[in-house]
Amino acid sequence: MNTAIAAASAEKEINRLHEEVVRLSADSKQSLLGALAAAWKAGRLLIDEKERVRRKMGPGAWQLWLEERFHASARTAQKYMRLAQTVDDAAELQGMSLRQIYFQLGIATEPKSRLESVQVQPLPVRIRLAGKLLEEVRPCLDARFATAEQLESCRRDLRPLYEQLRRLFEAGPPANVLKKAGIVQVN
């Protein structure tokens, strides 16, 4: 008897969940269509506004207008405008996601998550440090800003590093590099 009650209860829950899936799916489709229509309408308005701003304030004013008045990125505005330029009626968008439409139109999109993005290995520490060192040294190298004293100070501070790096680059075959650079002691 308990088995029959459990089976009936499970059956009831399964069907309730199925009805919920159908309802939520329909709601989702309506929300998606609403989002697509809103993106298309925003694109139409952005196109008109861009023309108005350029006509009244000049071509350079559009970017400033976007930064000050549009609550999303310039890239998003470009996508909306491209969508509106390419599709004549928002009803044509039915049944597709915004991402799918962008793909069909050749509009680049960012990955949904970090998992979908290209994994880039971090630069080795020596390269990051070399970049930082170059940023620090750059003012010394620019004769317009560096005085003779500043230049001499940079040379004095960096002389030991220069000597190590010079030996590294002049050492020849890789087997001798560490020995000649004085990094590894010869026994």
Side-chain angles (χ1 to χ4, degrees), residues 8-146 154:
S9 178
E11 181 181 323
K12 186 176 179 180
E13 181 65 7
I14 289 167
N15 286 314
R16 186 195 68 74
L17 289 171
H18 169 69
E19 290 168 9
E20 187 175 347
V21 167
V22 170
R23 181 183 56 76
L24 291 172
S25 180
D27 291 350
S28 175
K29 286 178 184 176
Q30 282 302 317
S31 294
L32 180 58
L33 186 56
L36 293 171
W40 183 83
K41 287 177 187 174
R44 283 287 194 218
L45 290 171
L46 282 163
I47 290 168
D48 293 343
E49 195 61 21
K50 180 177 182 179
E51 187 177 310
R52 187 189 70 74
V53 167
R54 283 188 163 180
R55 196 174 45 249
K56 285 193 171 198
M57 297 179 232
W62 174 242
Q63 200 63 29
L64 183 62
W65 186 95
L66 276 177
E67 291 171 8
E68 290 180 2
R69 293 188 173 89
F70 186 55
H71 297 198
S73 68
R75 183 79 180 115
T76 298
Q78 291 169 351
K79 290 177 187 178
Y80 289 172
M81 290 188 297
R82 177 107 182 262
L83 176 66
Q85 289 168 336
T86 310
V87 178
D88 293 328
D89 185 7
E92 295 175 30
L93 307 174
Q94 194 166 2
M96 291 189 282
S97 72
L98 195 54
R99 186 175 283 281
Q100 290 170 329
I101 291 167
Y102 285 162
F103 180 75
Q104 286 189 352
L105 297 177
I107 301 171
T109 60
E110 296 80 27
K112 283 185 175 180
S113 70
R114 289 179 183 239
L115 295 175
E116 293 179 30
S117 63
V118 176
Q119 298 298 318
V120 178
Q121 296 297 321
L123 292 172
V125 174
R126 67 180 174 274
I127 294 175
R128 292 193 310 258
L129 291 173
K132 289 179 182 177
L133 178 61
L134 287 173
E135 285 177 27
E136 290 295 319
V137 172
R138 194 163 282 124
C140 293
L141 299 175
D142 193 339
R144 295 174 298 167
F145 302 110
C154 278

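Starting from 1, each residue takes its place in the sequence as its number.
Pairs passing the side chain to side chain donor-acceptor pair (under 3.5 Å) check and including a residue from residues 33-55, sequence neighbours excluded, read Glu49-Arg52, Glu51-Arg55.
Across all their heavy atoms, Ala84 and Gly43 have their closest contact at CB-C, 3.5 Å. The two residues Trp62 and Leu46 make their nearest non-hydrogen contact at CH2-O, 3.6 Å.
Listed by chain and residue number, nothing satisfies the side chain to side chain donor-acceptor pair (under 3.5 Å) test with Thr86 (two or more places apart in sequence, or in another chain).
With rounding to the nearest 0.5 Å, the separation of CD in Glu20 from CD in Glu13 is 8.5 Å. A distance of 11.0 Å separates OG of Ser28 from CG of Leu33, quoted to the nearest 0.5 Å.
Using a 3.5 Å distance cut-off with no hydrogens or angles, the side chains of Ser73 and Thr76 do pair a donor with an acceptor.
Glu19 has no carboxylate O lying under 4.0 Å from a charged side-chain N of Arg23, or vice versa, which leaves the two without a salt bridge.
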